[in-house]
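Single-structure report; data block below.
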Amino acid sequence: MSKNMSAKGGSASGGKNKVRAIFIGTPDFATPSLKVMIDDKQFDIVAVVTQPDKKVGRKQIITPPPIKALAEKNVIPVLQPEKISDIEFEILNLKPDLIIVIAYAQVVPENILNIPKYGVINIHGSLLPKYRGASCIQAAILNGDKKTGITIMKMDKGLDTGSILAQSEIDILKTDTAGSLYKKLSELGAEFLASTLKKYINGKIKPDPQDDSLANYVGLLKKQDGKIDWNKTAVEIERFICAMYPWPGAFASLNIKNKKLNIKILAAESESLSINKYKIGELFLDNNKLAVQCGKDSLVIKKLQLEGKKEIDSEEFLRGYKNFVGKILD
RNA sequence: CGCGGGGUAGAGCAGUUGGCAGCUCGCCAGGCCCAUAACCUGGAGGUCGUCGGUUCGAAUCCGACCCCCGCAA
């Protein structure tokens with residue numbers, strides 16, 4: 001009998017009326033999902049809430065969040081409060097049946113969570129209850145997980161503690177970085193969002209509470225968190241570099257001509273050594289390739305960037321900076 | 001006027017007590033070799049970011065501007 005319901009478009013509970021939804025989100029991560037929701041005839045996005053326009057870049061140009069541009073293109077009203085609680089009244093007046101929150105960068109207070117009858121739905125970039133918190137994508141790479149994924153959940157007042165509606169897994173490839181996974185997961189989330197919401201609204205999904213005993217939290221990354229610890233093994237550092245790419249970027253520092261120079265390592269590959277004969281952090285040539293001695297084994301550097309310089313391949317780097325070989329990275 | 005680094009051959013860099021523009025790699029030609037991304041010989045390729053100033057003479061000193069990048073946000 002459930003087959004009949006879905007064949008009719010799953011509109012048993014909503015009749016001919018569309019589901020009134022408010023979409024809350026800010027960065028690129030949320031745009032594929034917003035696009036899907038706009039295109040789906042069964043939902044009516046009555047408003048989009050996003051962060052205020054912020055100054056961006058060296059020139060400090062005031063730039064609207066990506067979500068705002070997409071909303072305006074589709075003639076959807078945009079709200080940009082400093083704090084979401086400032087617009088509680090407006091949200092109430094919009095009479096949403098559903099609110100979707102994706103990467104908004106603010107905690108949604110309980111008052112607002114209680115407004116829509118279907119609750120507030122969130123997409124999180126990990127397989128909850130693993131990696132609750134801000135740097136969930138990076139954490140999966142850092143820990144060497146084989147898989148990660150997205151979780152669609154019904155938000156409650158805790159941080160990423162809501163009951164789960166659906167999850168979808170994805171393999172973490174050796175070549176994946178936080179940047180590449182970010183993109184894949186944002187698309188994966190969008191792919192499952194509309195169908196999951198429909199099933200949920202039609203009562204075909206019962207939210208499944210998380211097992212808190214398996215939960216762990218990962219905090220927001222800071223620039224300084226990108227500093228490489230060369231005492232770790234090459235394999236760990238390789239994962240670290242992928243996890244920190246593109247932000248905050250994995251870097252090492254080097255004293256050169258009495259100045260401290262930061263070097264970003266953008267891509268590298270671990271390589272096992274038969275003898276670990278160099279000092280930890282020392283740059284050396286291995287088969288004419290630039291490598292660094294780690295706590296165990298070595299890391300062959302593929303791509304790097306000096307302060308004030310563009311990113312370059314290590315082969316090009318060596319042509320101009322031959323004298324860096326033998327120096328020790330801090 | 002947020003702080004800082006930089007623009008020199010196709011690529012990455014050196015060259016600032018002003019005095020013929022260099023290195024590594026790549027490219028082209030030839031040579032060696034069973035052979036080669038190895039080696040040897042020769043060669044092409046630059047208005048030294050732009051404009052102006054100082055000077056007998058500026059990549060180098062002075063001024064203005066353009067562009068790239070790191071930090072901070």
Side-chain angles (χ1 to χ4, degrees), chain A residues 25-31 49-69 78 80-84 86 103-107 133-135 137-138 177-180 182 218-230 237 240-269 271 281-292 298-330:
Chain A
T26 304
D28 284 325
F29 190 77
T31 52
V49 180
T50 191
Q51 296 283 344
D53 295 0
K54 280 195 309 186
K55 294 178 191 171
V56 164
R58 238 185 315 271
K59 290 282 160 61
Q60 296 290 283
I61 297 166
I62 295 185
T63 310
I67 280 294
K68 182 183 179 182
V78 176
Q80 297 179 279
E82 281 297 328
K83 289 190 314 190
I84 182 111
D86 294 344
Y104 176 54
Q106 275 188 43
V107 176
S135 57
I137 297 175
Q138 290 88 340
T177 63
S180 69
Y182 181 91
V218 288
L220 192 63
L221 288 171
K222 296 187 293 284
K223 188 73 192 176
Q224 195 56 31
D225 293 328
K227 174 122 184 173
I228 296 170
D229 178 0
W230 296 107
I237 296 173
F240 180 80
I241 290 168
C242 290
M244 294 301 134
Y245 186 88
W247 200 91
F251 67 92
S253 61
L254 179 62
N255 282 316
I256 200 100
K257 291 175 186 168
N258 300 323
K259 273 185 169 177
K260 211 177 98 180
L261 187 68
N262 279 338
I263 302 175
K264 264 190 202 170
I265 312 291
L266 298 161
E269 205 170 285
E271 202 167 75
E282 182 170 352
L283 285 164
F284 64 96
L285 287 180
D286 181 42
N287 267 332
N288 283 326
K289 286 181 289 190
L290 186 65
V292 192
S298 75
L299 202 64
V300 174
I301 296 175
K302 298 273 164 103
K303 202 176 275 189
L304 72 165
Q305 181 175 26
L306 263 55
E307 269 181 73
K309 293 296 205 176
K310 294 183 189 177
E311 59 173 87
I312 53 174
D313 292 340
S314 54
E315 291 86 15
E316 293 176 348
F317 174 82
L318 282 172
R319 275 175 218 144
Y321 293 95
K322 294 183 288 288
N323 55 339
F324 272 49
V325 174
K327 299 219 183 291
I328 296 180
L329 297 173
D330 180 22

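Given the structure is predicted, the values throughout are model-derived calculations rather than measurements. Lettering of chains follows the sequences in order, A, B, ..., and the numbering in each one begins at 1.
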Expressed in whole Å, how much space separates the P atoms belonging to B:rA9 and B:rG15?
-> 15 Å

Quickly work out the A:Phe324 CZ to B:rU24 C1' distance and round it to whole Å.
-> 15 Å

Sequence-distant partners of A:Asp28, side-chain hydrogen bond (donor to acceptor under 3.5 Å, both in side chains), two or more places apart = none

Near RNA chain B, under 4.0 Å by heavy atom, which residues of residues 308-316 of chain A?
-> A:Gly308, A:Lys309, A:Lys310, A:Ile312, A:Glu316

Rounded to whole angstroms, how far apart are CG on A:Asn323 and P on B:rU24?
-> 14 Å

Determine the Euclidean distance between corresponding P atoms of B:rG7 and B:rC13; express it in Å to zero decimal places.
-> 9 Å

Distance, P atom - from B:rC68 to B:rC1, rounded to whole angstrom | 24 Å

Write down the distance separating the P atoms in B:rG22 and B:rA59, rounded off to the nearest Å.
-> 13 Å

Between A:Gln305 (CD) and B:rG6 (P), how many Å, whole number?
-> 15 Å

Quickly work out the A:Leu285 CG to B:rC25 P distance and round it to whole Å.
-> 13 Å

Using modelled atom types only, decide if a donor and an acceptor are shared between the side chain of A:Glu307 and the backbone of A:Asn262 within a distance under 3.5 Å.
-> yes

Give a yes/no answer on whether the side chain of A:Lys260 brings an N or O atom under 4.0 Å of OP1 or OP2 in B:rG70.
-> no

Would you kindly give the CG-to-C1' distance between A:Leu304 and B:rC69, to the nearest whole Å?
-> 14 Å

Pairwise P distance for B:rG49 and B:rU60, with rounding to whole Å | 8 Å

Does B:rG63 have a Watson-Crick or wobble partner in any strand here, with both distances under 3.5 angstrom, and which is it?
-> B:rC51

Using the closest heavy atom to pick a nucleotide of RNA chain B for each, name whichever of A:Leu306 or A:Tyr321 lands nearer the 5' end.
-> A:Tyr321

Once you apply the 3.5 Å cut-off to both distances, tell me the Watson-Crick or G-U wobble partner of B:rG42, or none.
-> B:rC28

Pairwise P distance, B:rC27 and B:rU54 [rounded to whole Å] = 46 Å

Can you give the donor-acceptor pairs under 3.5 Å from side chains of residues 309-330 of chain A to other protein atoms, not counting sequence neighbours?
residue  : atom : partner  : partner atom : Å
A:Ser314 : OG   : A:Ile301 : O            : 2.8
A:Lys322 : NZ   : A:Arg319 : O            : 3.4

Grab the CD-P distance between A:Glu307 and B:rG5 for me, whole Å please.
-> 10 Å

Within the structure shown, what part of the strands sits under 4.0 Å from A:Lys264 by heavy-atom distance: base, sugar-phosphate, or nothing?
-> sugar-phosphate

Sort out the partner of B:rC56 for me: Watson-Crick or G-U wobble, both distances under 3.5 Å, none otherwise.
-> B:rG19

Grab the NZ-C1' distance between A:Lys289 and B:rA37 for me, whole Å please.
-> 14 Å

Once you apply the 3.5 Å cut-off to both distances, tell me the Watson-Crick or G-U wobble partner of B:rG2, or none.
-> B:rC71

Please measure how far the C1' atom in B:rA14 lies from the corresponding atom in B:rG53, and state the result in whole Å.
-> 28 Å

For atom NZ of A:Lys223, decide whether the heavy atoms of other residues, nucleotides or ligands shown that lie under 6.0 angstrom number more than 12.
-> yes

Do the non-hydrogen side-chain atoms of A:Asn287 and A:Val300 ever get within less than 4.5 Å of each other?
-> no

Candidates B:rA11, B:rC13, B:rG70 - which lies nearest the side chain of A:Arg319 = B:rA11

Please determine, for the side chain of A:Lys322, which listed nucleotide (B:rG70, B:rC23, B:rC13) has the closest atom?
-> B:rC23

Keeping the roles fixed (side chain from A:Gln106, backbone from A:Glu82), state whether a donor-acceptor pair exists under 3.5 Å.
-> yes

Atom NZ of A:Lys227: over 12 foreign heavy atoms under 6.0 Å | yes

What's the CG-C1' distance between A:Asn262 and B:rC3, to the nearest Å?
-> 15 Å

So, A:Ser135 side chain and A:Leu220 main chain: donor-acceptor pair closer than 3.5 Å or not?
-> no

Taking the P atom of each, how far is B:rG26 from B:rC40, in whole Å?
-> 12 Å

How many angstroms lie between NZ in A:Lys264 and CG in A:Leu304, if you round to the nearest 0.5 Å?
-> 11.5 Å

